[in-house]
Amino acid sequence: MTTTAISALPAGLARSIKRGEMITKCTRSNLRRNTSSECIFAAPGRSWHGSPCWPRSSSRRAAKQRLTRSFSNAAPASLRSPNEDDLTHFRSILAPHQIVTTLGNSSNSRNDLDPYNRDWTNRYQGHSSLVLRPQSTQQVSSILAYCHERRIPLVPRGGNTGLCGGSTPLSNEVVLSLEYMNVIHSLDASSGILSAQAGCILHDLHEYASQRGYLFPLEIGSKGTCQIGGNVSTNAGGQYYYRWGGLHGNVVGMEVVLPDGRVLRLNMAEGRSDVHGGMDSAASVGGCHRKDNTGYDLKHLFIGAEGTLGVITEVAVACPPLPTSKHAVMIVCESYSTVLEVLVAAKEELGEILSAMELMDWQTLTLVRGSLGDSSVSGEALLLDEMLDTKNDSTTASSPPLSQSTATTPQSPLYILVETQGSNSEHDASKMDSFLTRLYDSLTIRNGFLATDSKRIHTLWNIREACNPAVSRSGYVYKYDVSVPIEEYMDVAAEVKETLSSQGSSFFPETAVCVWGHLADGNAHINVVTPGIFTKDESLASHVDESVYGSVLRRRGSISAEHGIGQSKSEILGKIKDRSVLDVMVQLKQLFDPHGIMNPGKVLTSDMVSNMKS
């Protein structure tokens, strides 16, 4: 790049390029000669890492119109709501700041309870009058034992970042918030096992592990808000599932409080946390092992159970050594068949260092670009102009019209973010070079943008993590988290588009379909949007549900890849699971929670339980 080219750019841009902070546009020539014939600057932009990727709803009236289930439809008739006598008991075991309530002579108002009664999408609304915030396992045990004896239902709550309403009350249950159980106990330097309380924020665990030379293996967009207990309870997946595996593999120990107050320590040290969150002096912190083959591995029953069998209070997670080398590239493909060729090439050429492959469609990235504003102040916007080939189109400075007519078609490009993580930068760079050379020599890909430093890697990830908020700003989003065979990844969205288009606007509002997700493990996030309409259409929701889930099930896929069941998919679960499987699930529920106090109406509905009894 010449001095003339740099000086023609804005001063700030020129300074950044001189510092070498750039993203290189991949060409066949510069791959071999290791020189850049064209550089695309991506100024350091605000990272979404460490904060939840969603906007807040501005319509309170719309929220009131959303349907909520009655308490009686979701829980056994013997359950009752908390009263002032119960509050008196809880005040005997908890400090004043650990209780939020409108019962009795409390100074709290409904506004204080609102964050605990509403999920972040504003789709689910509860009516709890009592929130308890324990600081120790003993307090959790006491609360559960009391509620078990008196048939008072509870809803365990983590960071409230789920999409299925799993941590939102259906009515006036007690909300059990783990937010004060946020002590990180230790990270064993030899084994890499990190032990922490369930209320620890995921981002804090990342920082703690990183400072000690380890990588916390779960990475999701809401890591600045979500809690590890909630992550484990919903069996969260994330972008590095392909590389590091899921929580069933990484969680090696767990402490769980059962509904009757009993405490299970599953490959965890003996001893309980004291009231302030510390450990008893007689107990060792951690005390778990990577291998423990002493009977039934019960912890797996609570991973993904969404608080319906008990409350996770502590976890022990195996962490790999922190990678010292990272590389990333954004690849533009002409078609999904090309995407599959890239996937095969990535697995073969990158092998053990391949950490993530994220797919985004054209419609989604067009909305991301429209949400970023002027490319002169946004590196992500400038890069997207190049990727979308719209840098001379002034309409990209604002959100473009969203409709089926502008949606992704079989001829629209698709975009893949490929990242590697390893321990030898030279070795990893060589592998990335071989990978890209293979793609260019075979004329497989349309274009590519290679990040040359950590800031530019963050720029690429910022684009990926902007998908959810950008789409949400366009209208009401009917969100689906599904697993499908990788070769049919885009077919579900195509079928949904065709179905919606065939109905016409006379039946439903105009819609558009946006797709992104974790390509390497077949996890697709399908989003059906009603442009400019921010309220839910129940008739359309039912129609889209039938279309999406029908398409997924015809391909023998899963209706929930990583977000769980909650209250949004519990009815569907009863229709698609084999009766023998449901029977065992109900038997487990009855064994652990015979009175049905734990998160009623989530995962298993009361009708499901009663049908299995009959």
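Just so it is clear, the values below take in all heavy atoms, side chains as well, and ignore hydrogens, waters and symmetry mates.
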Check the pair Ser128, Val174 against side-chain contact (heavy atoms from CB on, under 4.5 Å), reporting the backbone distance first and the verdict last.
CA-CA 6 Å; Ser128 176; Val174 172; 5.6 Å; no
Between [Y] and [X], do the side chains contain a donor N or O and an acceptor N or O under 3.5 Å apart?
X	Y	answer
Gln239	Trp461	no
Asp297	His300	yes
Gln98	Gln139	yes
Tyr241	Glu562	no
Asn172	Ser129	yes

Where the side chain of [X] meets the backbone of [Y], is there a donor-acceptor pair that is under 3.5 Å apart?
X	Y	value
Arg118	Tyr116	no
Asn108	Leu113	no
Lys569	Ile559	yes
Ser472	Asn468	yes
Glu219	Pro217	no
Asn599	Pro156	no
Ser142	Gln138	yes
Asn527	Val515	no
Thr225	Gly159	no
Gln197	Val183	yes

Do [X] and [Y] have side chains that get closer than 4.5 Å, going by heavy atoms?
X	Y	answer
Asn83	Leu103	no
Gln567	Arg123	no
Leu460	Glu419	no
Thr313	Val263	no
Leu354	Val418	yes
Leu372	Ile463	no
Glu314	Met181	no
Thr364	Tyr415	no

Passes side-chain contact (heavy atoms from CB on, under 4.5 Å), Val155 versus Thr168? Steps please.
CA-CA 7 Å; Val155 177; Thr168 306; over 6 Å; no
[X] to [Y] - nearest heavy-atom pair and separation:
X	Y	result
Ser355	Gln421	OG-CG, 3.6 Å
Asp521	Tyr242	OD2-N, 4.2 Å
Gln227	Glu179	NE2-CA, 3.7 Å
Ala470	Ser371	CB-OG, 3.9 Å
Leu573	Val603	CD2-O, 3.4 Å
Ser558	Ala561	OG-N, 4.4 Å

Contacts of Phe592 that satisfy side chain to side chain contact (heavy atoms under 4.5 Å, CB included) - sequence neighbours left out
Leu258, Leu301, Phe302, Leu309, Leu588
Taking atom [atom1] of [X] and atom [atom2] of [Y], what is their separation to the nearest 0.5 Å?
X	Y	atom1	atom2	value
Asn250	Arg290	CG	CZ	8.5 Å
Ile193	Asn267	CD1	CG	7.0 Å
Met357	Ile486	CE	CD1	9.0 Å
Leu132	Ile93	CG	CD1	7.5 Å

Using the rule given for side-chain contact (heavy atoms from CB on, under 4.5 Å), can you reason through Gln125 versus Asn117, listing the C-alpha separation, both sets of side-chain angles and the distance that settles it, and then say yes or no?
CA-CA 6 Å; Gln125 175 72 53; Asn117 275 314; 3.6 Å; yes
Without placing hydrogens or testing angles, list every side-chain donor-acceptor pair under 3.5 Å for residues 317-329, not counting sequence neighbours.
| residue | atom | partner | partner atom | Å |
| --- | --- | --- | --- | --- |
| Thr324 | OG1 | Ser423 | O | 3.2 |
| Ser325 | OG | Asp428 | OD2 | 2.9 |

One pair to check against side-chain contact (heavy atoms from CB on, under 4.5 Å): Asn160 and Asp119. What are the steps and the verdict?
CA-CA 6 Å; Asn160 193 32; Asp119 84 312; 3.9 Å; yes
Taking the inter-plane angle between the rings of His525 and His563 on a 0 to 90° scale, is it parallel (under 30°), tilted (30 to 60°) or perpendicular (over 60°)?
parallel
Show the numbers, then the answer: is there a side chain to side chain donor-acceptor pair (under 3.5 Å) between Lys223 and Asn231?
CA-CA 10 Å; Lys223 71 179 182 181; Asn231 299 146; over 6 Å; no
Does Arg262 pair with Asp260 as a salt bridge, N-O distance under 4.0 Å?
yes
Between side-chain atoms of residues 205-213 and protein atoms elsewhere (two or more places apart, or another chain), which donor-acceptor pairs fall under 3.5 Å?
| residue | atom | partner | partner atom | Å |
| --- | --- | --- | --- | --- |
| His206 | NE2 | Leu218 | O | 2.6 |
| Arg212 | NH1 | Tyr208 | O | 3.0 |

Begin with the C-alpha distance, continue with both residues' side-chain angles, and end with the deciding distance and a verdict on salt bridge (charged side-chain N to carboxylate O under 4.0 Å, His left out) for Lys602 and Glu306.
CA-CA 8 Å; Lys602 315 298 173 51; Glu306 303 186 44; over 6 Å; no
